[in-house]
Trainee: 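Next up is a structure, given as structure tokens.
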Amino acid sequence: MLEDTSFAIHPGNNPNLSETPYQDIGNIKHVEKDEERYTFYCENGYVTVTFNRADIIRIVMNPTDVPSLKSTPAVITQPETVHKELREDNEAYVISTSHLDAYIQKAPFRVRIQDKEGHTIASEQEKGLGFQENGEVICYKDMQEQDRFYGFGEKTGFLDKRGESYTMWNSDVFAPHNPETDPLYQSIPYFMSLRDGRAHGIFFDNSYKSTFDMKTETDHYSFRAEGGQLDYYVFIGPSPKDVIEQYTHITGRMPLPPKWSIGYHQSRYSYQSEQEVREVANTFIEKDIPIDVLYLDIHYMNEYRVFTFDKDQFPTPEKMIQDLKNAGIRVVPIVDPGVKKDPEYSIYQEGVREDHFCKYLEGDMYTGDVWPGESAFPDFTDERTRKWWGEKHQYYTDLGIEGIWNDMNEPAVFNETKTMDTNVMHKNDGDPQTHRALHNLYGLMMGEATYEGMKEQLGGKRSFLLTRAGYAGVQRYASVWTGDNRSFWEHLQMALPMCMNLGISGVAFSGPDVGGFAHDTNGELLTRWTQVGAFTPYFRNHSALDTARQEPWQFGEKYEAIIRDYIQLRYQWLPQLYSLFREAHETGVPVMRPLMLEYPHDEKTYQLYDEFMIGDNTLIAPIMHPEVTDRAVYFPEGTWVDYFTGEEYSGKQTHLIHAELDKLPIFIKKGSFVALSPVRQSTMNKQDSLILHVYANDEGEYKTMFYDDDGETYQYEGEESLKLPITISSTSAEVNIAFGEKQGRFNPSYQHVDVYVHSLQDNQAITLNGEKVTGERSGQSVHFQAKL
Ligand code: MIG
């Protein structure tokens with residue numbers, strides 16, 4: 001193809017990219033206010049300013065009408081009643097809440113938001129809000145030299161997005177996921193900006209194709225969309241974690257995942273028969289490699305008809321699923337949105353008869369080619385269709401299935417545009433709009449249909465959903481894997497900032513295909529990737545048709561042994577991870593964090609993409625290059641202890657760390673602890689004990705909440721959970737471990753805690769809730785048991 005050759009850069013190809021300038025919203029003529037909002041009547045349109053909370057301001061511009069406050073389905077929280085005041089002088093209006101002041105300049109309309117200490121959070125000067133005849137809307141904001149940008153959902157590249165420009169348009173991109181490949185599957189039109197250690201966020205709630213440009217100009221950035229209103233929220237921080245709390249306050253947080261879904265997952269495109277599935281399962285068990293989930297990719301279906309099994313290759317799916325479950329393994333099948341156009345296929349018949357498929361305005365049904373051939377697409381923007389689709393999942397739950405994998409839900413279609421015609425209509429719960437307007441919502445709404453359907457069918461048990469496409473708010477329904485990466489070291493490297501930015505964007509439960517999807521992996525890459533996977537929130541090994549097999553044992557014993565160790569390590573860390581998932585569920589703050597999130601005043605962390613944190617005290621610095629066994633590791637403030645060797649490193653500096661192939665560099669901050677468990681083959685096996693590893697310091701206090709529950713029902717929403725505040729206080733004379741008051745009624749399977757205190761100084765004593773304990777001492781560590 002011509003665009004793949006040098007012809008692509010032919011000098012005659014590139015006409016001057018002059019852009020028609022945007023029409024400015026103009027001067028304010030007058031303001032009208034009612035209880036909840038202020039509407040500014042401007043020369044060229046209208047702007048509404050309103051508040052969801054005292055720290056969340058929403059601004060909506062509409063060039064032709066008084067703005068509507070209807071949101072996309074991303075927003076689920078009703079605005080609170082916010083106490084606010086309006087002042088006016090010759091130049092400006094000032095709207096104040098307890099948390100912010102918004103200066104609204106009159107001529108022309110410009111907004112500057114400040115915190116109560118007078119720091120500018122977001123501002124506009126030369127350019128502000130604008131639009132074009134063709135319906136495009138834009139917002140410009142000032143940018144200072146020190147400003148950093150994070151978030152934007154699932155994007156390639158490094159951690160800080162300054163100097164980049166991104167488009168939001170859910171796309172099926174098989175190849176090649178280069179740093180310049182954009183857009184990908186998810187659209188999360190949201191970012192966080194960091195200036196001098198203080199953060200704020202902006203969510204541009206517009207489902208049209210949108211673009212964020214932090215690249216073209218040096219003193220301002222912009223975001224714009226092809227149509228719709230300019231509707232955005234500013235979250236005023238001031239800490240990065242505050243911003244995430246604010247953003248997820250309006251777009252929602254992840255439900256607690258079933259525990260089995262945070263274990264190890266094995267997939268392949270495809271395990272093609274019952275026998276093959278059983279063999280893979282048995283091999284894991286024989287080899288003592290823990291596993292909780294096996295996937296069925298598209299080959300399980302009868303000619304790719306969703307809600308069917310191929311009776312030749314899978315004659316007894318129910319038995320297979322039951323047998324695997326008895327062995328501790330759940331089966332998760334893929335479900336694509338395309339429904340095969342086949343008048344003898346009941347799902348298609350029902351869909352047509354009951355009017356569930358997307359249609360053109362004139363009434364013809366839209367069809368497009370996907371795996372099953374010509375297919376129709378359910379209109380998930382319609383409540384009635386979401387319900388129908390959800391109910392269909394009884395087919396799977398009746399077979400014992402508790403998790404679903406949604407793929408191709410951008411939606412992907414095999415044609416030039418790669419998706420549905422943009423003039424197809426969606427019912428949109430009574431407010432019909434084109435696919436052009438709602439494209440980015442398709443995956444989110446399919447997620448809602450599937451999640452709610454599974455929840456209903458499972459009658460009280462938690463389900464697991466994995467999705468490829470989504471929009472802001474996708475975290476409420478699904479975990480996200482980052483699509484078709486490749487078995488390249490570069491793709492392992494890229495997975496870190498991608499998942500960290502997804503985490504900043506509200507999606508705490510994400511991960512890449514471990515080992516790489518396309519291309520052939522090798523033993524070393526798979527080993528290093530599995531080490532990383534052991535600490536990404538979602539942990540699945542998956543690979544494509546016609547590529548080298550990449551189950552843990554495919555490259556010989558040397559690699560198999562190390563891979564086993566790290567999958568087992570994942571199972572040891574499950575209690576710690578689960579407590580962190582609880583935090584994500586309650587506050588939105590992700591499990592996997594860039595160091596910047598914990599140390600926003602440390603500039604060295606701002607672009608640090610090849611290290612990450614698990615929670616607030618564990619630093620992971622993987623090796624991500626072939627045959628490399630040493631790497632530079634930057635440590636933020638504090639002293640850090642090597643999890644494997646106990647060696648200590650002082651912070652605010654970079655150290656050279658040695659790590660042979662069998663070592664993933666993991667460091668715990670002195671003065672804190674992690675909560676682990678013995679290795680299990682599956683989360684279905686009983687957890688016998690809880691193990692606390694405490695790292696003694698000589699000063700300071702560390703406080704956190706240990707959390708547990710049954711891991712499989714929603715009873716945690718009542719009282720069936722265990723919250724245990726744990727505080728570690730260190731002085732040079734003693735380390736005290738304090739278990740605070742337990743909350744909740746959940747009774748875990750373990751009744752005692754094995755406590756190991758490491759990094760002790762010779763004369764340092766240990767106390768438990770203030771009482772001296774002796775315990776067995778070996779070297780710098782002491783072990784004792786405590787009652788829970
Ligand atoms: O375009 O179902 O990203 O994980 O194995 C291929 C087959 C369709 C794309 C997914 C991939 C999956 C594959 N699917």
Side-chain angles (χ1 to χ4, degrees), residues 154 156 170-177 181 183-186 265-272 276-277 280 293-310 313-314 331-340 368-373 375 377 403-420 442-443 446-447 450 464-470 474 478-487 491 494-495 498-499 502 510-521 529 533 536 538-551:
E154 179 191 54
T156 59
N170 291 1
S171 303
D172 171 15
V173 187
F174 171 64
H177 293 211
T181 307
L184 291 173
Y185 317 89
Q186 297 271 334
H265 303 226
Q266 180 66 48
S267 184
R268 172 78 178 173
Y269 170 26
S270 301
Y271 295 127
Q272 301 205 7
E276 193 180 1
V277 171
V280 173
V293 195
L294 270 177
Y295 283 70
L296 299 179
D297 206 324
I298 52 176
H299 288 87
Y300 80 85
M301 293 176 272
N302 171 13
E303 295 179 322
Y304 310 122
R305 288 172 184 86
V306 285
F307 309 105
T308 69
F309 265 89
D310 175 338
Q313 299 303 316
F314 292 86
V331 172
V332 170
I334 198 167
V335 178
D336 292 352
V339 172
K340 187 177 177 64
D369 268 349
V370 270
W371 298 120
S375 301
F377 292 82
I404 297 290
W405 171 19
N406 282 165
D407 186 22
M408 305 289 276
N409 52 348
E410 292 73 28
V413 180
F414 301 149
N415 64 23
E416 279 291 295
T417 68
K418 295 170 127 194
T419 193
M420 191 179 283
Y442 195 82
M446 182 183 188
T450 307
F464 166 71
L465 175 62
L466 178 67
T467 185
R468 194 168 72 174
V474 65
S479 156
V480 169
W481 101 101
T482 57
D484 296 343
N485 64 1
R486 316 207 132 205
S487 300
H491 280 197
M494 203 152 62
M498 196 181 275
C499 290
L502 271 164
S510 79
D513 282 345
V514 167
F517 177 68
H519 201 70
D520 295 329
T521 199
W529 208 322
T536 50
Y538 176 62
F539 184 18
R540 180 182 73 156
N541 172 320
H542 180 49
S543 58
L545 206 63
D546 296 329
T547 63
R549 294 289 296 234
Q550 63 184 39
E551 291 80 13

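Just follow the structure's listing: the first ligand is 1, and inside any ligand the first atom is 1.
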Trainee: Hey, are the side chains of L502 and T482 touching, using non-hydrogen atoms and a 4.5 Å cut-off?
Mentor: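 They are in side-chain contact.
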Trainee: Does the side chain of Y442 come within less than 4.5 Å of N170's, by heavy atoms?
Mentor: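 No - every pair of side-chain heavy atoms lies 4.5 Å or more apart.
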Trainee: Nearest non-hydrogen contact with atom 3 (O) of ligand 1 belongs to which option: D336, D172, D484, L466?
Mentor: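 Among D336, D172, D484, L466, the closest heavy atom to atom 3 (O) of ligand 1 belongs to D484.
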Trainee: Regarding ligand 1, does R468 bring an N or O atom to under 3.5 Å of one of the ligand's N or O atoms?
Mentor: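 So ligand 1 has an N or O lying under 3.5 Å from an N or O of R468.
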Trainee: So which protein heavy atom does atom 10 (C) of ligand 1 come closest to, and at what separation?
Mentor: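 The closest one turns out to be D407 OD2, 3.2 Å.
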Trainee: Considering residues at least two apart in sequence or located in another chain, which fulfil the ring pair (Phe, Tyr, Trp, His ring centres under 6.0 Å) criterion with Y269?
Mentor: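 Testing Y269 for ring pair (Phe, Tyr, Trp, His ring centres under 6.0 Å), a comparison that skips the adjacent residues, returns H299.
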Trainee: When you compare the side chains of D297 and S267, does any donor N or O come within less than 3.5 Å of an acceptor on the partner?
Mentor: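 Result is no, nothing qualifies.
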Trainee: With a 3.5 Å distance limit and no angle check, can you tell me whether E154 reaches the backbone of Q186 through a side-chain donor-acceptor pair?
Mentor: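 Yes, E154 side chain to Q186 backbone: donor-acceptor pair under 3.5 Å.
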Trainee: Give the residue, atom name and distance (to 0.1 Å) of the protein heavy atom nearest atom 4 (O) of ligand 1.
Mentor: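 Looking at atom 4 (O) of ligand 1, the protein heavy atom closest to it is H542 NE2, 3.0 Å.
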Trainee: Considering heavy atoms of the protein only, find what lies nearest to atom 7 (C) of ligand 1 and give residue, atom and distance to 0.1 Å.
Mentor: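 Protein heavy atom at minimum distance: D297 OD1, 3.3 Å.
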Trainee: If you compare all heavy atoms of G533 against all heavy atoms of V514, which two are closest, and at what distance to 0.1 Å?
Mentor: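 Residues G533 and V514, closest heavy atoms: CA-CG2, 4.0 Å.
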Trainee: On a heavy-atom basis, which atom in R268 and which in S543 lie closest, and how many Å separate them?
Mentor: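 Closest pair (atom of R268, atom of S543, distance): NH1-OG, 2.6 Å.
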Trainee: Could you list the atoms of ligand 1 found under 4.0 angstrom from a heavy atom of Y269?
Mentor: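 That gives atoms 5 (O), 7 (C) of ligand 1.
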Trainee: Nearest to atom 1 (O) of ligand 1, what protein heavy atom do you find, and at what distance?
Mentor: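 Minimum-distance protein heavy atom for atom 1 (O) of ligand 1 reads W371 CZ2, 3.5 Å.
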Trainee: For a ring-ring contact (aromatic ring centres under 6.0 Å, His included) check, start with the C-alpha distance between W481 and H265, then their side-chain angles and the critical distance, and finish with the verdict.
Mentor: CA-CA 12 Å; W481 101 101; H265 303 226; over 10 Å; no
Trainee: Would you say F174 touches ligand 1, if touching means a heavy atom closer than 4.0 Å?
Mentor: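 Outside the 4.0 Å threshold, so no.
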Trainee: Only heavy atoms of W481, strictly under 4.0 Å: list the atoms of ligand 1 that pass.
Mentor: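 So the answer, numbered in order with elements, is 3 (O), 4 (O), 10 (C).
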Trainee: Relative to the heavy atoms of I334, which atoms of ligand 1 are at a distance of less than 4.0 Å?
Mentor: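 With I334 as reference, the close atoms of ligand 1 come out as 2 (O).
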Trainee: If the contact criterion is a heavy-atom separation under 4.0 Å, does Y185 count as touching ligand 1?
Mentor: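 Judged by the 4.0 Å heavy-atom criterion, Y185 does not count as contacting ligand 1.
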